[in-house]
Amino acid sequence: TVEAAMTLPIAILVMLVTINMGLVVFGQQAVQSAARHGARMGSVAQSCPACWAVREARSAIEGAVPVQNPDVAILSGGGAAGSILRIRVTGEVPNFFGGLSGLFPGIPSGPFQLKGEATFRQEGW
């Protein structure tokens with residue numbers, strides 16, 4: 001029982017850190033996928049590619065569970081065939097251990113910031 005009392009808190013802490021890092025990786029994949037989807041949809045749009053890119057990226061990131069406060073920004077608007085359409089999707093994933101930042105140096109105090117960017121060339125026909 002003494003061994004269990006000593007190792008159980010460490011095992012639970014390792015498990016929670018693993019879950020938190022898994023959420024961060026999943027959230028990063030979600031914002032990257034939303035940026036890629038928005039840029040692709042904007043690159044094939046025949047009118048207002050930036051409008052389509054923002055709309056599609058927002059609809060893709062709104063359903064991502066761990067991502068909070070999502071934002072979509074157009075970095076380069078596309079337009080004429082062959083021009084560049086670049087989009088950035090950002091968001092946050094909560095940090096379960098933010099309250100421990102005062103006790104243990106190196107632990108971030110706020111939520112994890114995520115950023116995904118995608119670039120596509122505007123298609124035209």
Side-chain angles (χ1 to χ4, degrees):
T1 58
V2 172
E3 289 176 358
M6 290 173 39
T7 58
L8 189 61
I10 295 171
I12 290 173
L13 182 66
V14 168
M15 182 181 66
L16 289 175
V17 166
T18 303
I19 290 170
N20 202 181
M21 289 300 110
L23 286 174
V24 170
V25 170
F26 184 75
Q28 180 61 41
Q29 292 297 320
V31 296
Q32 185 63 41
S33 177
R36 195 170 42 249
H37 177 69
R40 176 65 184 145
M41 292 297 109
S43 72
V44 297
Q46 295 300 309
S47 63
C48 192
C51 303
W52 278 93
V54 168
R55 181 177 21 208
E56 293 296 323
R58 280 193 198 283
S59 69
I61 197 62
E62 291 295 330
V65 174
V67 179
Q68 299 174 347
N69 304 325
D71 187 37
V72 179
I74 295 292
L75 304 177
S76 176
S83 62
I84 298 294
L85 175 67
R86 187 174 176 130
I87 188 170
R88 176 184 297 148
V89 178
T90 58
E92 299 175 343
V93 170
N95 182 3
F96 299 143
F97 302 101
L100 297 177
S101 63
L103 297 173
F104 301 104
I107 296 178
S109 61
F112 294 101
Q113 303 296 319
L114 307 175
K115 178 178 75 168
E117 293 184 4
T119 303
F120 274 77
R121 192 167 297 278
Q122 183 68 39
E123 297 180 10
W125 51 85

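Everything numeric in this text was worked out from a predicted model, so none of it was measured. The figures that follow rest on heavy atoms only: side chains count, while hydrogens, waters and symmetry mates do not.
Here the CG atom belonging to L16 is positioned 7.5 Å from the CD1 atom belonging to I12, to the nearest 0.5 angstrom. Taking CZ from R40 and CD from E123, the interatomic distance works out to 4.5 Å, rounded to the nearest 0.5 Å. From L75, atom CG reaches atom CD1 of I84 across 12.0 Å, with rounding to the nearest 0.5 Å. Put simply, CG on N69 and CG on L114 are 11.0 Å apart, with the number rounded to the nearest 0.5 Å. Here the CG-CZ distance, from L23 to F112, works out to 10.0 Å after rounding to the nearest 0.5 Å. Here S83 contributes atom OG and Q122 contributes atom CD; the two are 5.5 Å apart, rounded to the nearest 0.5 Å.
Both L8 and L13 belong to a common hydrophobic cluster when Ile, Leu, Val, Met, Phe, Trp and Tyr are linked at side-chain heavy-atom distances under 4.5 angstrom. No continuous path of ILVMFWY side-chain contacts below 4.5 Å connects V17 to V25, so the two sit in separate hydrophobic clusters.
The two residues P94 and N20 have their closest heavy-atom pair at O-ND2, 3.2 Å. Scanning both residues, W52 and S47, for their nearest heavy atoms gives CD1-O, 3.3 Å. The minimum heavy-atom distance between A39 and A118, with the atom names listed, is CB-CB, 3.9 Å. Heavy-atom minimum distance, G116 versus A35: O-CB, 3.6 Å. What you find for I87 and V54 is that their closest heavy atoms are CD1-N, 4.3 Å. Between P66 and F26 the shortest heavy-atom distance is CG-CD2, 3.4 Å.
Among residues two or more places apart in sequence or in another chain, the side chain to side chain contact (heavy atoms under 4.5 Å, CB included) test is passed with A60 by A34, H37. Listed by chain and number, the residues in a salt bridge (Lys or Arg N to Asp or Glu O under 4.0 Å) with R88 are E117 (sequence neighbours excluded). P111 pairs by the side chain to side chain contact (heavy atoms under 4.5 Å, CB included) definition with E92, Q113, not counting sequence neighbours.
Identified under the disulfide bond (SG atoms under 2.5 Å apart) test for residues 5-76, with sequence neighbours left out: C48-C51. Within the structure, salt bridge (charged side-chain N to carboxylate O under 4.0 Å, His left out) pairs that include any residue of residues 54-67 do not occur (at least two apart or interchain).
Distance alone, capped at 3.5 Å, places no donor-acceptor pair between the Q68 side chain and the V93 backbone. Judged by distance alone, the side chain of S43 and the main-chain N or O of F120 form no donor-acceptor pair under 3.5 Å. In this structure, T7 contributes its side chain and E3 its backbone to a donor-acceptor pair below 3.5 Å.
The other residues sharing a hydrophobic cluster with V2 are M6, where clustering joins ILVMFWY side chains under 4.5 Å apart.
Among the candidates T90, V31, V89, the single residue satisfying the side-chain contact (heavy atoms from CB on, under 4.5 Å) test with V72 is V89.
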